[in-house]
Amino acid sequence: MTGANSFSVSGYGPERAGWTRIFARDSVARRLDWPMLLSGLALSALGSLLVFSATRNRTEINQGDPYYFLIRHIMNTGIGLALMVGTIWLGHRTLRTAVPILYGISLFGVLLVLTPLGATINGSRNWIVFGGGFSLQPAEFVKITIILGMAMLLSARVDAGDKKYPDHRTVLQSLGLAAVPILIVLLMPDLGTVLVLVTIILGVLLASGASNRWVFGMITAGVVGCIAIWQLHILDEYQIARFAAFANPSLDPAGVGYNTNQARIAIGSGGLTGAGLFHGSQTTGQFVPEQQTDFVFTVAGEELGFVGAGLIILLLGVVLWRACRIARDSTELYGTIVAAGIVAWFAFQAFENIGMTLGIMPVTGLPLPFVSYGGSSMFAVWMAVGLLQSIKVQRPMSA
């Protein structure tokens, strides 16, 4: 059951139509993971309020319209939900057969960034600007194609019953598939996305049942790679400065350490219940840069306090919990690997984003899933939710 048949789960006769069909026990609507879906929707709704609070007075970026970013954030969420529905309709198994095409498209996208069509924003050349306020970050979609591509390779012989675990040759092939886009993203350079991709690879390998030697080898290679990147001066000066400021926050409080210091002031001033939505002095005074994207969590900390910030973390936790259950309950290794890769992606990116606002992680420019303003990130996140829902919907009823 794949492709367009994803919406006909089983047992539908001509007499079962309308509301009876929609709410039947074996219908797609009943089989969706509603706690995950509702938690994601709640996060995006909270994100709309936080983005609006952070940008309504920023006339230098909102083009004189206080609702500019709010409207676009809602539109991005709507498009993301449509992509989620489309992903469920196609089904993760159909997308498995389309991996070569998707992989080629994603490689083409990240390569375009390195051409004159690419644009540099906040120090990283990882955008394609189309005009009219529309831009695209192809690296966001690489996360999905790496998960699907590695899952396809690692599960092929296992799901067919030929092997119990992926052999070394298959693991090596899957790592080669992932290495190509990672090297391209590193050239941008977009270190934050590279860290997410490496985390995804580790999660995928652990879920596949591959030998632990590969996991330890990946960790060792990561350490060696970090040393090599530092020694070969691949990182830009601003990235080196960010790590220096992380190691020593008082190094340059008015310069590279400014963002982190202002973020901690904003969150710390929120107390238990916050200053109230739209009443945060740090947010209203525009002291925290990039507050609608990378530092959106500071708005929650200041204006909604510990309660509001904790609610965001709780909702993210529900999404991860449900994704872990989907990975555990999948009856095929392919579905388990896909779900595990998404868990690794969401967990690391959320931890890194929130951690950098608290000063416990270096600033890398990663958005907060479901919450931060940004079309590419929102689209990719909801497509990933669609993959998770497809794995659950297409699981046999007896499983």
Side-chain angles (χ1 to χ4, degrees), residues 106 110 124 126 137-151 153-154 166 171 174-186 188-229 235 239 242-243 246 294 297 313 316-317 319-321 323-324 326-327 336-358 360-372 376-377 380-381 383-385 387-388:
S106 66
V110 290
S124 291
N126 54 7
Q137 192 175 6
E140 287 293 332
F141 304 100
V142 169
K143 300 169 185 176
I144 295 176
T145 54
I146 282 183
I147 290 173
L148 291 175
M150 292 189 70
L153 290 173
L154 292 169
V171 174
S174 69
L175 291 176
L177 177 143
V180 177
I182 287 177
L183 290 174
I184 297 173
V185 173
L186 189 59
M188 293 180 182
D190 186 354
L191 185 60
T193 299
V194 169
L195 292 175
V196 175
L197 295 177
V198 171
T199 304
I200 287 173
I201 293 172
L202 288 173
V204 163
L205 288 180
L206 285 170
S208 71
S211 172
N212 288 333
R213 286 179 291 179
W214 284 105
V215 177
F216 294 132
M218 278 289 299
I219 295 173
T220 303
V223 173
V224 173
C226 290
I227 296 173
I229 289 171
L235 296 181
Q239 292 174 316
R242 282 179 175 180
F243 281 104
F246 167 68
D294 302 344
F297 189 74
I313 295 173
L316 286 167
V319 172
L320 292 172
W321 164 52
C324 286
I326 290 172
T336 297
I337 293 176
V338 171
I342 294 171
V343 169
W345 164 12
F346 285 6
F348 177 80
Q349 192 159 314
F351 178 77
E352 164 59 28
N353 178 277
I354 295 173
M356 72 182 185
T357 64
L358 298 174
I360 61 174
M361 293 292 286
V363 176
T364 57
L366 290 173
L368 185 60
F370 301 100
V371 182
S372 291
S376 299
S377 173
V381 163
M383 287 172 69
V385 172
L387 285 171
L388 291 168

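In this chain, numbering begins with 1 at the start of the sequence shown.
- Closest approach of Val171 to Pro166, counting heavy atoms only: CG2-CB, 4.2 Å.
- For the pair Ile326 and Leu388, the tightest heavy-atom approach, listed with the atom from each and the gap, is CD1-O, 3.6 Å.
- In this structure, Leu202 and Met218 approach most closely via the heavy-atom pair CD2-CB, 3.6 Å.
- Counting only heavy atoms from C-beta outward, the side chains of Leu368 and Ile354 approach each other to under 4.5 Å.
- For the pair Asn126 and Val185, the minimum side-chain heavy-atom distance is 4.5 Å or more.
- Looking at heavy atoms from C-beta onward, Lys143 lies in side-chain contact with Thr193 at the 4.5 angstrom threshold.
- Counting only heavy atoms from C-beta outward, the side chains of Asp294 and Met356 approach each other to under 4.5 Å.
- Contact check for Phe297 versus Ile313: side-chain heavy atoms found under the 4.5 Å cut-off.
- Taking every heavy atom of both residues into account, Asn353 and Pro367 meet most closely at ND2-C, 3.5 Å.
- Here the shortest heavy-atom pairing between Ala384 and Phe346 reads CB-CZ, 3.8 Å.
- Within the 4.5 Å cutoff, the side chain of Leu195 has no heavy atoms near those of the Leu366 side chain.
- Distance check, rounded to the nearest 0.5 Å: CG of Leu205 to CD1 of Ile337 gives 9.0 Å.
- Here Ser208 contributes atom OG and Trp214 contributes atom CH2; the two are 11.0 Å apart, rounded to the nearest 0.5 Å.
- In this structure, Leu320 CG and Phe351 CZ are separated by 13.0 Å, a value rounded to the nearest 0.5 Å.
- Rounding to the nearest 0.5 Å places CH2 of Trp345 at 4.5 Å from CD1 of Ile144.
- Residues passing the side-chain contact (heavy atoms from CB on, under 4.5 Å) test with Val142, sequence neighbours excluded: Ser106, Val110, Thr145, Ile146, Pro181, Leu197.
- Across every non-hydrogen atom of Pro369 and Leu316, the tightest pair is O-CD2, 4.0 Å.
- Gln349 is not listed as a side-chain neighbour of Thr199, based on a closest heavy-atom distance of 4.5 Å or more.
- In this structure, CG in Leu206 is found 7.5 Å from CG in Asn212, a value given to the nearest 0.5 Å.
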